[in-house]
J.: 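Structure incoming, see below.
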Protein chains: 2
Amino acid sequence: MKIKSKLRKSLNKIVCGDCLDVLRGLPDNCINLIVTSPPYADSRKEDYGGVHPDEYAEWLLPRMAECFRVLKPTGTLVLNIKEKVVNGERHTYVIDLISGMRDQGWLWTEEFIWHKKNSFPGKWPNRLRDAWERCLQFNKMKKFRMYQDAVKVPIGKWAETRLKNMSEDDNKRISSKSKSGFGRKVSNWIGKRKVYPTNVLHLATECAYRNHSATFPINLPKWFIKLFTKKGDIVLDPFMGSGTTVVASMQISRQYIGIDINKRVFRIAKNNINSSRKSDRKNGN
Amino acid sequence: MKIKSKLRKSLNKIVCGDCLDVLRGLPDNCINLIVTSPPYADSRKEDYGGVHPDEYAEWLLPRMAECFRVLKPTGTLVLNIKEKVVNGERHTYVIDLISGMRDQGWLWTEEFIWHKKNSFPGKWPNRLRDAWERCLQFNKMKKFRMYQDAVKVPIGKWAETRLKNMSEDDNKRISSKSKSGFGRKVSNWIGKRKVYPTNVLHLATECAYRNHSATFPINLPKWFIKLFTKKGDIVLDPFMGSGTTVVASMQISRQYIGIDINKRVFRIAKNNINSSRKSDRKNGN
DNA sequence: GTTCCGCATGAATCGATAG
DNA sequence: ACTATCGATTCATGCGGAA
C-alpha cells in the first residue's frame, strides 16, 4: 500500500513547483478529473515568463503526458485555452496541441465553448471583439464517467443564463444573509422541469477582487467538476493560478491537488483557499 | 477584355456541377467573398455520396485551392463547418483542413462561433447537446476588406443608467490597475446608440428551405456578406445547397455565383431564387 | 429584506515609435 | 530589416453599499 499512502500524502494540498516534476511524485491512474487553464502562450509574462507561441505545444505536451499517466482510465481532462493572434492570424498552437495529445493516446472527446458575456472592449481594423474560449475535453477511453443529471438546468428562459443561476455562490450568498430567503429560493426551483444543458457555456468573467491576472470564473471549473465527478472524487489542477479550481472543488466536497510554479501566485492561492475554508466552517460545513 | 467577359457571363447565375470543374472557368482574383457550408463529412449521403471523414480534408483541399485562385487578394472566405463524432471522438478533419489550407497560402484569420440557440433536443450517454458550429475565416492577405459599421448592434441597456450620472473620473482616462494596458474613458460612450458585435453569433436554426438537408439560417451568410462586402460586390458559394447564400446576396444587392453538384438540390435552389426574385420585384426593387 | 445604482475590472490587438 | 516597447481603442458584468 505504498502507492496509496503516496497519494494520500498529496491529497487536499497545494504544491509550489513545475507540474512536470510534481506530477512525477503521483502514482498512475489516481485522478478522477483534471481541470486546468494553462498559462496562455506569451501571456502573463510577469508570472510565468511567457512561452512563445511557436514553442507552446512543445512546452505543454510533456506535462500533458504526465497528466495522462496520473488520470484514471475513466477520468477526464478539461483544458481551457485560446489561441492568440500572431501577425494578423490565429496561431495554430492549439490545434498542434490537439494533434500532439492524440499522438500521446488522448481521445479528443469534445470541445465546449465558453461564451464570455463581458468580453474585452476594443476595436481593430480587421477584427471584432473576441468573446469566446475553448474548453477542450480529453479522455483515455471512450467510456468515461459523466454525471449529466448534476448539471441539469431549469427549462425556459433561464436556459440562457443557466450557470449564473445555478451557482453555489448564489445559494451561499443568500443563505449567509437569511436562512429563510435561501429556502424560498430553492422552493422556487422545485417542481420546475429540468433539461440537459448544451456544450455552450454562458459565463461572465469575474472582475472583482482578483489579485491574479487571469480571469477564470469559479463557475466554469465547478460546472465541469459536477459533470465529471461525484463527491469525494479527486480533482487536479496542475496550473492552479490563484486556486479557483481548488476552491471550487472544496465548495462541492471534492478532494483536490493544486500545483503552480509561481511563488507570488501560489501565496494568493493559499490565501484564497484558507479564506474559503474559513467561510465554509462559518456556514457549518 | 476576354477575362472580364468570361466573368460577366457567369455573374448572377447558378451552375450545376462539381465546383472543382466549374471554378476553373472563372478568372483569377475576381470574387469578393466566398461564404459556404460544405457538405459535412459522411453525412447527406443521399445528396452528395458522402465523403468519409478520413478522406474529407483531402477531398476538400483541391476545391479550396481553386477558391484561393478566384478570390480577390483583399477578399475573404468563410467556411461553416463542424467536425462530427467518429468512434466516440471528435474527428480531426477540420484541424487537418486548417493545416492543409495554410499550406496552400491561406491565412487562418479568425474563427467565429455560431451558437445555435435552438439546438436539437436529446440525450446521449457521454455527450451533451451540440449547440455550436465553427465559421472559419480565411484570407489571402493580412489587409482585407471589412465593413464593421454594417453589422453594429444596439448598445446594452447598462448605458442608459450608467451614462446619466458621471463621476469626475469618468471624463478622463483611467488606466486599468493590471498590466493589461487597458483603460477606460466612460465619457466616450455618451450619445452612442450602437456598438460593434463580437465573434460569437447567436442565431436560431430557422431552416426556411426544408427540402435541403442542411440547416443554414439565412441570417448567417447575410451577416458575413454585410461584414465583408459592399453593394455590387461578388459573392460565391461553391456548395450552394438550396441557395441560401445566393438569396441572401440578392436580398442585400450583391452579385452572386452559386454552384452545386446535386441535381435535385439544384432544382430547389432554382425555385428558391426565382421566388425570391419575384417577391423582390413585388416590393419594387 | 429586497432592489437599485455606482463603479472597477478584464488571457486583447494594432500601429507607431524607438532601439 | 528586425525586434521591443508604448499608446489608443471600448463593453457588459457583478459586487457592495445605499435607498
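A, B, ... follow the sequence lines: proteins, then strands. Residue 1 opens every chain.
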J.: Between N or O atoms, less than 3.5 Å apart, protein on one side and nucleotides 15-19 of chain C on the other: list the pairs.
T.:
{"unit_1": "C:dG15", "atom_1": "OP1", "unit_2": "B:Lys143", "atom_2": "NZ", "d": "2.6"}

J.: What is the distance, rounded to the nearest whole Å, between atom NZ of A:Lys116 and atom P of D:dG14?
T.: 15 Å

J.: Find out whether the Lys NZ or Arg CZ of A:Lys140 is both under 6.0 angstrom from the six-membered ring centre of A:Phe68 and within 45° of the ring's axis.
T.: yes

J.: Ignoring hydrogens and angles, tell me if any N or O in the side chain of B:Trp132 forms a donor-acceptor pair with the backbone of A:Thr198 under 3.5 Å.
T.: no

J.: Whole Å only: how far is the CG atom of A:Asp130 from the C1' atom of C:dT13?
T.: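 For the pair A:Asp130 CG and C:dT13 C1', the rounded distance is 10 Å.
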
J.: Heavy atoms only: give me the nearest A:Ser242-A:Asn272 pair and the separation to one decimal.
T.: O-ND2, 2.9 Å

J.: Given the rule that a pair is Watson-Crick or G-U wobble with both distances under 3.5 Å, how would you write DNA chain C in dot-bracket, using | for pairs to a different strand?
T.: .|||||||||.||||||||

J.: Whole angstroms only, please: what is the NZ-C1' distance between B:Lys194 and D:dC11?
T.: 16 Å

J.: In chain order, what residues pass the salt bridge (Lys or Arg N to Asp or Glu O under 4.0 Å) check against A:Glu83, with sequence neighbours excluded?
T.: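 Residues passing salt bridge (Lys or Arg N to Asp or Glu O under 4.0 Å) with A:Glu83: A:Arg134.
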
J.: In whole angstrom, give the distance that lies between atom CE of B:Met146 and atom P of C:dT13.
T.: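 My rounded result for the distance is 13 Å.
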
J.: Who are the side chain to side chain contact (heavy atoms under 4.5 Å, CB included) partners of A:Asn87, not counting sequence neighbours?
T.: B:Lys142

J.: Between A:Phe138 and A:Cys67, is any pair of side-chain heavy atoms under 4.5 Å apart?
T.: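 Contact flag for A:Phe138/A:Cys67 side chains = no.
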
J.: Once salt bridge (Lys or Arg N to Asp or Glu O under 4.0 Å) is applied, do any residues pair with A:Asp130, and if so which ones, sequence neighbours excluded?
T.: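 Scan of A:Asp130 (salt bridge (Lys or Arg N to Asp or Glu O under 4.0 Å), adjacent residues dropped) gives A:Lys82, A:Arg90.
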
J.: Let me know the distance between NZ of A:Lys117 and C1' of C:dG10, rounded to the nearest Å.
T.: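 Whole-Å distance recorded here is 15 Å.
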
J.: Tell me the interatomic distance from A:Asn118, atom CG, to C:dA8, atom C1', rounded to whole angstroms.
T.: 12 Å

J.: Is there a side-chain contact between B:Phe144 and A:Asn126 in this structure, where contact means two heavy atoms from C-beta onward sitting under 4.5 Å apart?
T.: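 A side-chain contact under 4.5 Å exists here.
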
J.: Go nucleotide by nucleotide along DNA chain C from the 5' end; which of A:Arg127 and A:Ser119 gets its closest nucleotide reached first?
T.: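 Upstream on the strand: A:Ser119.
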
J.: Starting at NE2 of A:His91 and ending at C1' of C:dA12, how long is that distance when rounded to a whole Å?
T.: 17 Å

J.: So, using salt bridge (Lys or Arg N to Asp or Glu O under 4.0 Å) as the criterion, who are the partners of A:Arg267 when residues are at least two apart?
T.: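 Per chain and number, A:Arg267 pairs via salt bridge (Lys or Arg N to Asp or Glu O under 4.0 Å) with no residue.
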
